[in-house]
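Scope of the values below: all heavy atoms of this structure, side chains included, with no hydrogens, waters or symmetry mates. This structure is a prediction, so every number in the text was calculated from the model and none was measured.
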Amino acid sequence: MSEYYWCLTHQQVEDGSSCRAVDRLGPYDSPEAARGWRDRVEERHEAWKAEDERWDDEDDGDEG
C-alpha cells in the first residue's frame, strides 16, 4: 500500500521521501485524502469543540 503526505512546505501531495517528517501531514491512503487534509482537520476541530465544555460561549469563566 502506498502512503501519501501533504507537504506543508511545498503545498502539494508527496510520497514522503522528499521532505522532512516535521514538514508533512499524513500518511494518507490516497492523494485525494492528502489534498483534503484541511477539511479533516476542521471536522475534527469542530467535533472537539462540540464535546469540550471549555468552548462553551455561555460560560463566562468565573467559578464560585
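- Looking only at side-chain heavy atoms (C-beta outward), W37 and Y28 come within less than 4.5 Å of each other.
- Listed by chain and number, the residues in a side chain to side chain contact (heavy atoms under 4.5 Å, CB included) with S30 are E32, A33 (sequence neighbours excluded).
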For side chain to side chain contact (heavy atoms under 4.5 Å, CB included), just list the numbers for E14 and Y4, CA-CA rounded to whole Å, side-chain angles, deciding distance to a tenth of an Å, and then say yes or no.
CA-CA 6 Å; E14 297 182 353; Y4 301 90; over 6 Å; no
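- Heavy atoms only, all atoms of each residue included: A34 and V13 are closest at CB-CG2, 3.9 Å.
- A donor-acceptor pair under 3.5 Å is absent between the side-chain atoms of E42 and the main chain of D39, judged by distance alone.
- Separation of atoms SG (C7) and CG (D23) is listed at 6.0 Å; rounding is to 0.5 Å.
- Judged as a side-chain hydrogen bond (donor to acceptor under 3.5 Å, both in side chains), and not counting sequence neighbours, T9 has no contacts.
- Partners of R44 by side-chain hydrogen bond (donor to acceptor under 3.5 Å, both in side chains), not counting sequence neighbours: none found.
- Remark: R38 CZ to W6 CH2 distance equals 8.5 Å, nearest 0.5 Å.
- Distance check: E3 CD to R24 CZ gives 9.0 Å after rounding to the nearest 0.5 Å.
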